[in-house]
Amino acid sequence: MEIDYDALMTGLQAAIPFNNHLGIKYLELGSGRAVAELPTEPHLMNHVGTQHAGGLFSVAEAASGGAFLAAFADLMGSIMPLAESAEISYKKIAQGPIRAIATFSSDQEVLRKQLDEDGRIRFPVEVELQDGDGQTVAEVTVRWYVKKLG
């Protein structure tokens, strides 16, 4: 099955109102990979004038969901994905627009088989947050829980 990643990205952009509220935009969606961007706006800053930790987490979670969706797009009508937990490690001050680069690296064949057999799966998606200079400002692991519907 050929996947129209542009259409998928457009649908994903429209599907999550909170991400739109923050101004998060999807820049790229491909097989097991997604890139999302958090803009730099005064209402997104913290008390010291840098990107707020909540915004950083939100763009990482958004990108991780995009990477998962790109890997399992053919199943989206029959599954319910939920972020189950996450861990974030801040590396540098986050200034300017922040890009979240998410990579789905789990073995898709193994997960699909487990989903068929058990009706549910759990897996991590790794996300690197970068500033405009390409410097890593944070690293995030989002753990997803997916169950079959019906």
Side-chain angles (χ1 to χ4, degrees), residues 1-77 79-112 115 120-147:
M1 174 178 131
E2 177 115 3
I3 297 171
D4 182 346
Y5 289 112
D6 288 334
L8 196 60
M9 189 165 52
T10 299
L12 183 59
Q13 186 70 52
I16 313 294
F18 185 71
N19 291 348
N20 292 320
H21 173 72
L22 294 177
I24 293 171
K25 300 285 184 211
Y26 287 93
L27 305 178
E28 180 184 328
L29 204 61
S31 182
R33 177 180 157 86
V35 179
E37 186 172 73
L38 178 69
T40 180
E41 298 289 339
H43 69 279
L44 299 175
M45 298 299 123
N46 61 23
H47 62 289
V48 295
T50 62
Q51 290 280 12
H52 191 280
L56 296 175
F57 174 83
S58 294
V59 72
E61 193 270 346
S64 75
F68 158 73
L69 175 65
F72 286 84
D74 60 313
L75 300 179
M76 287 313 293
I79 59 174
M80 171 64 70
L82 298 167
E84 185 173 49
S85 67
E87 181 178 312
I88 188 166
S89 177
Y90 303 101
K91 304 294 183 185
K92 289 183 66 171
I93 297 291
Q95 296 182 335
I98 302 298
R99 285 195 177 190
I101 302 155
T103 307
F104 181 87
S105 58
S106 298
D107 187 321
Q108 291 182 38
E109 286 184 37
V110 169
L111 288 175
R112 286 171 182 266
L115 184 61
R120 65 194 65 186
I121 52 176
R122 288 179 164 87
F123 54 85
V125 175
E126 302 299 328
V127 185
E128 181 180 5
L129 300 181
Q130 296 179 349
D131 63 16
D133 294 329
Q135 298 294 310
T136 300
V137 299
E139 296 172 340
V140 184
T141 300
V142 180
R143 289 172 191 79
W144 286 86
Y145 169 76
V146 177
K147 71 176 186 172

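Remember, it's a predicted structure, so these values are computed and weren't measured experimentally.
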(request) Could you tell me whether the side chain of Leu38 reaches within less than 4.5 Å of the side chain of Leu129, counting heavy atoms only? (result) no
(request) Indicate yes or no: at least one non-hydrogen side-chain atom of Phe72 is less than 4.5 angstrom from one of Val146. (result) no
(message) What I want to find out is whether Asp74 reaches Arg112 closely enough, with some N-O distance under 4.0 Å, to be called a salt bridge.
(response) yes
(request) State, with a plain yes or no, whether a side-chain heavy atom of Ser85 is found less than 4.5 Å away from one of Tyr145. (result) no
(request) Kindly determine whether Glu37 and Val59 satisfy side chain to side chain contact (heavy atoms under 4.5 Å, CB included), including the steps that lead there. (result) CA-CA 7 Å; Glu37 186 172 73; Val59 72; 5.7 Å; no
(request) Find the distance between CD (Glu139) and CD1 (Ile101) and round it off to the nearest 0.5 Å. (result) 11.5 Å
(request) Taking all heavy atoms of Ala94 and all of Thr50, pick out the closest pair and write down the distance. (result) O-CB, 3.4 Å
(message) If I compare all heavy atoms of Ala67 with all of Ala34, which pair ends up nearest, and what's the gap?
(response) N-CB, 3.4 Å
(request) Consider only side-chain N and O atoms of Thr136 and Gln130, and report whether a donor and an acceptor are under 3.5 Å apart. (result) no
(request) With rounding to the nearest 0.5 Å, note down the distance linking CG in Leu69 to CE in Met9. (result) 11.5 Å
(request) Indicate the atoms forming the closest heavy-atom contact of Ala62 with Tyr26, along with that distance. (result) O-OH, 3.0 Å
(message) Below 30° counts as parallel, above 60° as perpendicular, anything between as tilted: where do the rings of Trp144 and Phe68 land?
(response) parallel
(message) Please find the pair of heavy atoms, one from Ile24 and one from Pro39, that lie closest to each other, and give the distance.
(response) N-CD, 4.2 Å
(request) May I ask you to decide if Gln135's main-chain N or O and Asp133's side chain share a donor-acceptor pair within less than 3.5 Å? (result) no
(request) Taking the side chain as every heavy atom from C-beta outward, state whether Lys91 and Val137 have any atom pair closer than 4.5 Å. (result) no
(message) Tell me the closest heavy-atom pair linking Ala71 and Phe104, and the distance in Å.
(response) CB-CD2, 3.8 Å
(message) Test: side-chain hydrogen bond (donor to acceptor under 3.5 Å, both in side chains). Region: residues 15-25. Which pairs qualify, not counting sequence neighbours?
(response) Gln13-Asn20
(message) Are Ile98 and Asp131 packed together at the side-chain level, in the sense that at least one heavy-atom pair is separated by less than 4.5 angstrom?
(response) yes
(message) Apply side chain to side chain contact (heavy atoms under 4.5 Å, CB included) to residues Leu44 and His52 and explain how you reach the verdict.
(response) CA-CA 6 Å; Leu44 299 175; His52 191 280; 5.8 Å; no
(message) For the CD1 atom on Ile93, are there more than 12 heavy atoms of other groups (residues, nucleotides or ligands in this structure) within a distance under 6.0 Å?
(response) no
